[in-house]
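Small disclaimer: the values here were computed from a predicted structure and weren't measured. These values consider heavy atoms only, across backbone and side chains, with no hydrogens, waters or symmetry-generated copies.
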Amino acid sequence: MASLAPPRPADAGLGGAARHGVTNLLGVAVAAIAGFGLNVVVTRNWSKVDAGLFFTTTSAFMILYAAARLGTGVGSVYFISRYRTLGQPQRIRASVLVALVPVLLVGTVLAAVGWWAAPELVALTSAEPVDGAVPALRAVLLFVPVAALCDFALAACRGFGRMRPLLLIERVGRTGLQLLGVSLAALLGLSAATALPLTWAAPYLPAGLIALIWLARLVRRAERAAAGPTGTPATAGPTGTDRRVGFREEFGVYWRYTGPRALTSLGQMAVQRMDIVLLGTMRGLADAATYTAATRFLALGQLSGQALSTAVQHRLAEHLVRDDRAGAGRLYQAATGWLVLLAWPTYLLFATFAEPVLAIFGAEYLAGRSVTVYLALTMLVATGCGMVDTVLNMAGRTAWTFYNALVGTLVNLVLNLLLIPPYGIMGAAVAWSASILISNLVPLAQLFWAYRLHPFGRGTLTAAGLAVVCYGLPPLLARPVFGDGLPVLAAVALVGTLGYAALVWRFRRALQLDALRTLRRGRRR
């Protein structure tokens, strides 16, 4: 039986997480700029109906893509990190293959069914007939299998502790190509119904191929490193038994853990995108476009959470497989402090300057102001809870995250159906806010009850206080005197950022930013 790897020093997890967190944040900055620019290009160059068609079509793609991933993003990080920590590299290849094949098969089936049912889906999700809606949906559905494989491969690379594939392939490569393709479509005056969705979806193909090649190299490298003195491959059993036995054994182990996560990830994506589809169905594509513009700003804050989550996932798994709750708690609290430090300034500025921010999309999108304010304040609570789902998943509690996501999804769906017809985009915002709070507060209570883990360390409280002082109070004081135009927003953001930087430096120990010193001496990943 393989022995556990020796415990790490207390600060090792924090240093590695900080190093990878900074690397991911660089990629997130690029992805955020590209995603924001793409939305601006779409809203500025096509009508609201065309923009709404694009947003509803890509939302349908994202829901099917989440279904095709089958939760393997979390499963692969968990098992590869676990087998590396336990000294069982001979199980990694089987773990990869038992996930890859179902993802490919399910993605292909979903794409084929979606292609066949596209006319019916368009009829269900459009309040008004729009020329080219069926070809637009079919164009993006072609890329569902490769998009799901890309996500799986990048997650498996993270299980090896490698963040560079995510940074180069996903954060920089795919998002950059999407912005370039949509910009070219706008420049050439191409149709929003066909060329626009196709140029947005096509970058998933090269991204998926490169990610799979990168993953294959990591698997081979792990096997070579673990080969015995006689050169016996790590995938073979100790007596050279047939490796297919390992695949059969691994299938049950892998999918008992990952199966609940498949439905969880689908529910989470449905919560994020179903409201756009339902708005298009019940209120029209113009309302769907307004709501998308009003809520996509929130994705800028969410991206920092995704960057930190991907940086700490495999480290949390390593701590928890050793039952090192103290180490997991330190990492959870530190990461939550960093998340608040990064996300709260964005949400506070959106809440206080929603109108000039939405004006970037065009004057016709200002109707989404109340939605932006309401959801920005909700996200302050959500980010204050930290990456609760990630901690539960790395503790092996995927069934819990499934039930949490199921409740959140059902609440979101019911409230959308009840509130969208009379209240439009504000009804959708209330529904999303309710599901966000459920999906964060319930697992927060579960973590404390089961593991005595919570995110409210000194760093989290310090970060929250600094964000409110530098980005919450100045806008409230400046707006009555100077107004709320873009120049005022820029001035407040600049002054707030200068003060924020000085205070962050002053309280760097409380924020545990000293872990960043490992950037200088950390080994290259």
Side-chain angles (χ1 to χ4, degrees), residues 62-86 88-110 144-162 166 208 211-212 215 218-219 222 244 246-271 306 309-310 312-318 320-321 387-406 408-409 439 443 446 450:
M62 295 302 294
I63 293 172
L64 289 180
Y65 154 65
R69 290 183 301 181
L70 298 176
T72 53
V74 170
S76 295
V77 172
Y78 177 80
F79 280 104
I80 293 175
S81 299
R82 181 181 180 85
Y83 294 152
R84 290 174 63 237
T85 302
L86 296 175
Q88 298 174 348
Q90 71 275 11
R91 300 184 66 174
I92 291 178
R93 178 181 289 264
S95 180
V96 168
L97 290 178
V98 298
L100 185 149
V101 174
V103 167
L104 177 60
L105 291 176
V106 172
T108 302
V109 170
L110 287 176
V144 166
V146 292
L149 286 175
C150 179
D151 180 87
F152 158 74
L154 293 175
C157 290
R158 295 201 306 274
F160 285 98
R162 300 298 191 266
L166 179 69
L212 288 170
L215 173 60
L218 290 175
V219 172
R244 286 176 298 179
F247 294 165
R248 289 197 297 270
E249 294 171 352
E250 195 65 35
F251 189 91
V253 172
Y254 186 94
W255 286 107
R256 276 194 298 272
Y257 173 88
T258 308
R261 186 61 197 171
L263 297 175
T264 302
S265 61
L266 176 58
Q268 290 172 338
M269 184 60 70
V271 166
Q306 293 171 12
S309 178
T310 55
V312 305
Q313 269 185 333
H314 66 285
R315 288 181 172 82
L316 281 169
E318 291 170 2
L320 291 169
V321 77
M387 48 201 73
V388 283
D389 265 357
T390 298
V391 183
L392 277 179
N393 285 325
M394 293 304 102
R397 301 290 189 172
T398 53
W400 291 10
T401 60
F402 162 67
Y403 291 121
N404 296 340
L406 179 62
T409 303
S439 299
Q446 291 170 333

**OP:** Give the intermediate values and the outcome of side-chain contact (heavy atoms from CB on, under 4.5 Å) for residues R91 and V253.
**Re:** CA-CA 11 Å; R91 300 184 66 174; V253 172; 4.2 Å; yes

Original post:
Just how far is it from atom CZ of R162 to atom CG of L154, taken to the nearest 0.5 Å?
Top reply: 14.5 Å

Original post:
Is there a side-chain contact between I92 and R84, using heavy atoms and a 4.5 Å cut-off?
Top reply: yes

Original post:
Less than 4.5 Å apart, any side-chain heavy atom of V74 and any of M394?
Top reply: yes

Subject >> Ring-face cation of R158 near F160 (centre distance under 6.0 Å, axis angle within 45°) >> reply: no

**OP:** Would you name the heavy atoms of V106 and L70 that are closest together and state the gap between them?
**Re:** CG2-CD1, 3.9 Å

Subject >> Side-chain heavy atoms of R69 within contact of F152, under 4.5 Å >> reply: no

Original post:
Which heavy atom in A211 sits nearest to a heavy atom in C150, and how many Å separate them?
Top reply: CB-O, 4.2 Å

Original post:
So, E250 and Y83: side-chain donor and acceptor under 3.5 Å apart, yes or no?
Top reply: yes

**OP:** Heavy atoms only: give me the nearest L392-W400 pair and the separation to one decimal.
**Re:** CD2-CE3, 3.8 Å

Original post:
Is the backbone of G73 close enough, under 3.5 Å, to the side chain of S76 for a donor and an acceptor to pair up by distance?
Top reply: no

Original post:
So how far is it from S95 OG to L100 CG, rounded to the nearest 0.5 Å?
Top reply: 11.0 Å

Original post:
How far does CG of L218 sit from CD1 of I80, to the nearest 0.5 angstrom?
Top reply: 8.5 Å

Original post:
Which value, rounded to the nearest 0.5 Å, describes the distance between F251 atom CZ and T258 atom OG1?
Top reply: 10.0 Å

Original post:
F79 vs Y257 aromatic rings, parallel, tilted or perpendicular, using cut-offs 30° and 60°?
Top reply: perpendicular

Original post:
Nearest 0.5 Å, what's the CZ-OG1 distance between F402 and T409?
Top reply: 9.0 Å

**OP:** List the steps and the verdict of side-chain contact (heavy atoms from CB on, under 4.5 Å) for V96 and Y254.
**Re:** CA-CA 10 Å; V96 168; Y254 186 94; over 6 Å; no

**OP:** Return the minimal non-hydrogen interatomic distance between A153 and L215, and the atom names on each side.
**Re:** CA-CD2, 4.0 Å

Original post:
Taking all non-hydrogen atoms of both residues, which atom of V388 and which atom of S439 are closest, and how far apart?
Top reply: CG2-O, 4.1 Å

**OP:** Supply the atom-to-atom distance L110 CG to I63 CD1, rounded to the nearest 0.5 angstrom.
**Re:** 12.0 Å

**OP:** Return the minimal non-hydrogen interatomic distance between P443 and N404, and the atom names on each side.
**Re:** CB-ND2, 3.7 Å

